[in-house]
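First up is the structure itself, then whatever we jot down about it.
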2 protein chains.
Amino acid sequence: MTKEMPPKIIIPADPEHQALRFNRVREAHQTETAEDYVELIADLIETQGEARVVDLATRFGVSHATVNKVILRLNREGLVVNKKYRSLFLTDEGRELAAKCRERHQVVTDFLKAIGVPDDIAELDAEGVEHHVSAETLKIFKAFTRKTRKIS
Amino acid sequence: MTKEMPPKIIIPADPEHQALRFNRVREAHQTETAEDYVELIADLIETQGEARVVDLATRFGVSHATVNKVILRLNREGLVVNKKYRSLFLTDEGRELAAKCRERHQVVTDFLKAIGVPDDIAELDAEGVEHHVSAETLKIFKAFTRKTRKIS
DNA sequence: CTCAAAGTGTAGCCATGGCAACAAATTTGA
DNA sequence: TCAAATTTGTTGCCATGGCTACACTTTGAG
């Protein structure tokens, strides 16, 4: 668009490629909320017997109105089932996603701890990082953690 | 909020603490855009001599209208200076932030490569991960990369 | 059984960051 | 020089995810 034919100046990085990178991050953001919600819903159902709007709101530190709005979207997207004034449930797809996320979350947390990040910080960082780690990197994380555990 | 006094059910994680985690991620998101923009503006100024709206739009893969909107915000926040129909500049604060981001970006990328992530994937993942890595973890990343380099 | 408390839903507001379409300025090339 | 192409700005639309305020169920204590 800017200067195609006359390459009078060094191109630091292929613009198109860089755009792909940022698109990838944007897409990740769109799924992040969904992932966090289904993961927590699954957790709550397991540990508390049911997932309720109040609990989600408390855990996420947002208002129940916000939770409701997100739940509406997740319902629309076929991840969550909700009946009025009743606790929340996951669809098969939701459960699947939750499982995947939990697994990934664990891998990232374990990896961070394995390389020496203090537990509390590892938990904090994992929360943000997990959504942006590719399958390939995840595999490497897993292998690394395994290796480290053998040694120690 | 839900069940304080009667702990009839196991608490899986301190809700308040978990809320802090998610708040942290949300804050990170708010700064992400700013960080990406100042970083790219700095890059463009260095390599191209100037940073222009079109270039930012191309690199980020968004419309120039979007870029303009973000620039407006960054201006409001004192990171970017823009005069109408002129190329973009960073304030001192903006330059500082850009430097910090570039450094951090490099550390994350190098670390991923050091643990064996293929270069192209490392670049991709770093883009999303960098904004969510704490100073402590970053330090550990750096140390690890250094150590690995010595070995090889 | 009733009624207040707790939980849930809804409406309306805000900022962000997407977009397209149109307007205006600047740059360029013939 | 001056018209066309490019770049930039603006407007108005959308979805998301924040919030408060208010309305409505459900629940549970008395």
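In what follows, chains carry the letters A, B, and so on, assigned in the order in which the sequence lines appear, proteins first and then strands, with residues in each chain numbered from 1. In this text the structure is predicted, and so the values were computed from the model without any measurement.
Under the rule for a ring-ring contact (aromatic ring centres under 6.0 Å, His included), the partners of B:F144 that lie at least two apart in sequence or sit in another chain are A:F144, B:F111. Evaluation of the ring-ring contact (aromatic ring centres under 6.0 Å, His included) rule for B:F60 yields A:F22, B:Y37 as partners, not counting sequence neighbours. Residues forming a salt bridge (Lys or Arg N to Asp or Glu O under 4.0 Å) with A:E103 (at least two apart in sequence, or on another chain): A:K142. Remark: B:H132 pairs with A:H132, B:H29 by the ring-ring contact (aromatic ring centres under 6.0 Å, His included) rule, at least two apart or across chains. Judged as a side chain to side chain contact (heavy atoms under 4.5 Å, CB included), and not counting sequence neighbours, the contacts of A:E46 are A:R102. Residues meeting the side chain to side chain contact (heavy atoms under 4.5 Å, CB included) test with A:N75, sequence neighbours left out: A:N82.
Look at B:K84 and you'll find a side-chain N or O under 4.0 angstrom from OP1 or OP2 of D:dT10. Regarding contacts with the backbone of D:dT8, every side-chain N or O of B:K83 stays at 4.0 angstrom or more from both OP1 and OP2. The side chain of A:R52 contributes no N or O atom lying less than 4.0 Å from OP1 or OP2 of D:dT25. Between B:N68 and D:dT8 there is no side-chain N or O to OP1 or OP2 distance below 4.0 Å.
Note: the hydrophobic cluster containing A:I140 also contains A:V133 (ILVMFWY, side chain heavy atoms under 4.5 Å, direct or indirect links).
The nearest whole Å value for the distance from the CG atom in B:L72 to the P atom in C:dT16 is 10 Å. Put simply, CD on A:E27 is 18 Å from P on C:dG17, counting in whole angstrom units. One atom, CG of A:D55, and another, P of C:dA6, lie 14 Å apart when rounded to the nearest Å. If you take CD1 of B:I71 and C1' of D:dT8, they are 12 Å apart, rounded to a whole angstrom. Counting to the nearest Å, the P atom of C:dG18 and the CG atom of B:D36 are 10 Å from each other. Rounded to whole Å, the distance from CG on B:L56 to C1' on D:dG9 is 15 Å. In this structure, A:E35 places its CD atom 16 Å from C1' of D:dT16, rounding to the nearest Å.
Residues A:V81 make up the rest of the hydrophobic cluster containing A:F89, defined by ILVMFWY side-chain heavy atoms closer than 4.5 Å, directly or through other members.
Side-chain atoms of A:T145 and A:D110 form no donor-acceptor pair, as typed in the model, at a separation below 3.5 Å.
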Please enumerate all protein N or O atoms sitting under 3.5 Å from an N or O of nucleotides 17-23 of chain D, with distances to 0.1 Å.
{"residue": "D:dG17", "atom": "OP1", "partner": "A:T33", "partner atom": "OG1", "Å": "2.7"}
{"residue": "D:dG17", "atom": "OP1", "partner": "A:R73", "partner atom": "NH2", "Å": "2.9"}
{"residue": "D:dG17", "atom": "OP2", "partner": "A:R73", "partner atom": "NE", "Å": "2.7"}
{"residue": "D:dG17", "atom": "OP2", "partner": "A:R73", "partner atom": "NH2", "Å": "3.3"}
{"residue": "D:dG18", "atom": "O6", "partner": "A:K69", "partner atom": "NZ", "Å": "2.1"}
{"residue": "D:dC19", "atom": "OP2", "partner": "A:S63", "partner atom": "N", "Å": "2.7"}
{"residue": "D:dC19", "atom": "OP2", "partner": "A:S63", "partner atom": "OG", "Å": "3.0"}
{"residue": "D:dC19", "atom": "OP2", "partner": "A:T66", "partner atom": "OG1", "Å": "2.9"}

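Within residues 74-82 of chain B, no residue approaches DNA chain D, by heavy-atom distance under 4.0 Å.
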